[in-house]
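These numbers come from a predicted model, not from an experiment.
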Amino acid sequence: MEHLLQHFRKEEQPFIEQTTNMMREVEDRYAPRLTDFLDPRQQFILNSVRGQYDSIESSAAGALEDAERRRVLLYPSYFEPTEEDYNMTVVEVKYPQKFVTLKHKDVLGSMMSLGIDRSKFGDIRVEEGSIQFVVATEVLDYVRANFVGIGKVKVHIEVVDDSSNYFRQHEEWVSENHTVSSLRLDTVISSIFNISRQKSASLIQSGKVKVNWTEKDQPSMELQELDMISIRGFGRIKLLMIEGRTKKDKIRLQIGRIEPKK
């Protein structure tokens, strides 16, 4: 486990410990355990930890196609998971679309004000003003009773029973190759988006940059392979692969990029 910890950042260690405890519980009780919704970075960490346990299998689901946030089921090898085991429900937000258009951030803001952790919610999808999101079934009744307004707009939620009505993901990833002088967060942003180091540092310090779904304010943070960076107003990039160094000692990167929606 010590060997494993050195591959991850210090702030990720509590999650690694939590994951390790869940694995031990599955081993000791010989029964499945379900996580809350995990972002892709957490899923990656969990799979790395699970690699240390021969007797435990895992599978993930997020209800919606190509879901980013998923619940992971950890189980002994005898167990056959079914869809019900993931315990999640897709709901649609109903509101007077004629008078107002709600966006992803409006929904997320209202969710967070319910006093339930973000980990009880999966992906949020917005399609032409209509909104669907995934919620852990164990908090569905509470959410239904309390999710009644977004800003000044009255809303209510309805369960979407038919999976053929689930919204699809419309994001297009483009793959690109770049060379950077270092893996510092400000250096990578300035190089990929062709902006000055000063501008990239000020975006980071003003809270507009997230790495792996968490706001970061340190321009000097060192990035790692598979990190996801989102910059408000610029879109998202993922470090798909660090390919080594050039003759001039620059670092070759392969990245994926999503442009922000216009």
Side-chain angles (χ1 to χ4, degrees), residues 5-16 37-48 60 62 64 66-70 103-105 107-109 111-112 118-119 121-126 169-246 249-262:
L5 286 174
Q6 71 195 26
H7 293 287
F8 295 103
R9 299 190 174 98
K10 204 170 175 193
E11 69 263 25
E12 292 173 331
Q13 292 187 7
F15 179 73
I16 293 170
F37 287 96
L38 305 180
D39 64 44
R41 175 69 181 174
Q42 292 170 319
Q43 293 167 45
F44 172 72
I45 294 171
L46 180 136
N47 275 323
S48 304
L64 301 171
D66 296 328
E68 207 166 66
R69 298 174 61 79
R70 295 163 181 255
K103 295 189 170 68
H104 185 288
K105 66 175 174 31
V107 183
L108 186 58
M111 262 182 189
M112 297 301 86
R118 175 73 177 105
S119 62
F121 296 100
D123 283 11
I124 302 168
R125 298 244 167 116
V126 180
Q169 186 67 284
H170 296 300
E171 288 181 332
E172 290 291 324
W173 283 92
V174 183
S175 181
E176 298 175 352
N177 293 304
H178 287 265
T179 56
V180 294
S181 58
S182 86
L183 289 171
R184 278 175 57 120
L185 181 57
D186 58 351
T187 306
V188 171
I189 290 174
S190 99
S191 176
I192 289 171
F193 292 100
N194 204 11
I195 57 176
S196 69
R197 276 275 294 278
Q198 206 175 353
K199 171 144 196 209
S200 110
S202 88
L203 285 168
I204 296 161
Q205 286 160 338
S206 59
K208 293 191 173 138
V209 175
K210 288 183 176 180
V211 178
N212 300 326
W213 299 270
T214 307
E215 204 175 282
K216 297 293 176 193
D217 58 6
Q218 291 296 324
S220 62
M221 176 186 184
E222 285 280 312
L223 293 171
Q224 297 175 355
E225 211 164 70
L226 298 178
D227 277 346
M228 175 80 86
I229 303 121
S230 76
I231 303 114
R232 207 178 307 154
F234 287 83
R236 295 199 289 169
I237 55 172
K238 185 175 190 175
L239 265 57
L240 299 174
M241 200 182 289
I242 297 168
E243 295 179 332
R245 289 184 179 267
T246 66
D249 212 31
K250 291 217 164 184
I251 300 162
R252 283 202 303 270
L253 294 181
Q254 189 189 342
I255 67 147
R257 185 206 284 252
I258 290 183
E259 300 292 338
K261 289 191 176 75
K262 296 287 180 269

Where is the tightest heavy-atom contact between Leu240 and Ser175, given as atom of each residue plus distance?
->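 Shortest heavy-atom separation between Leu240 and Ser175 comes out as CD1-OG, 4.3 Å.
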What are the two closest non-hydrogen atoms of Phe15 and Ile45, and how far apart are they?
->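 For Phe15 and Ile45, the tightest heavy-atom pair comes out as CD2-CG2, 3.9 Å.
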What's the spacing between [X] [atom1] and [Y] [atom2] if we round to 0.5 Å?
{"X": "Asn212", "Y": "Arg9", "atom1": "CG", "atom2": "CZ", "result": "6.0 Å"}
{"X": "Leu223", "Y": "Asp186", "atom1": "CG", "atom2": "CG", "result": "9.5 Å"}
{"X": "Asp123", "Y": "Phe37", "atom1": "CG", "atom2": "CZ", "result": "8.5 Å"}
{"X": "Ile231", "Y": "Lys210", "atom1": "CD1", "atom2": "NZ", "result": "12.5 Å"}
{"X": "Lys216", "Y": "Ile229", "atom1": "NZ", "atom2": "CD1", "result": "12.0 Å"}

Run the side chain to side chain contact (heavy atoms under 4.5 Å, CB included) check on Glu222 and Arg184 step by step: do they pass?
-> CA-CA 5 Å; Glu222 285 280 312; Arg184 278 175 57 120; 3.8 Å; yes
Honestly, is Arg41 close enough over Phe8, meaning NZ or CZ under 6.0 Å from the six-membered ring centre and within 45° of the axis?
->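 Not satisfied by the 6.0 Å and 45° rule.
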Go through the steps for Thr246 and Arg252 under the test side chain to side chain contact (heavy atoms under 4.5 Å, CB included), then give the verdict.
-> CA-CA 7 Å; Thr246 66; Arg252 283 202 303 270; 3.7 Å; yes
Please examine the side chains of Leu108 and Arg118, heavy atoms only from C-beta on, and report whether any two atoms are closer than 4.5 Å.
-> yes
From CA spacing to verdict: side chain to side chain contact (heavy atoms under 4.5 Å, CB included), Leu203, Ile195 = CA-CA 11 Å; Leu203 285 168; Ile195 57 176; 3.8 Å; yes
Going through the checks in order, is the side chain to side chain contact (heavy atoms under 4.5 Å, CB included) test met by Met241 and Leu253?
-> CA-CA 6 Å; Met241 200 182 289; Leu253 294 181; over 6 Å; no
Does CD in Glu225 sit with more than 12 non-hydrogen atoms of other residues, nucleotides or ligands closer than 6.0 Å?
-> yes
Between Arg236 and Glu68, is there a side-chain N and carboxylate O pair less than 4.0 Å apart?
->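 Result for this pair is yes, salt bridge flagged.
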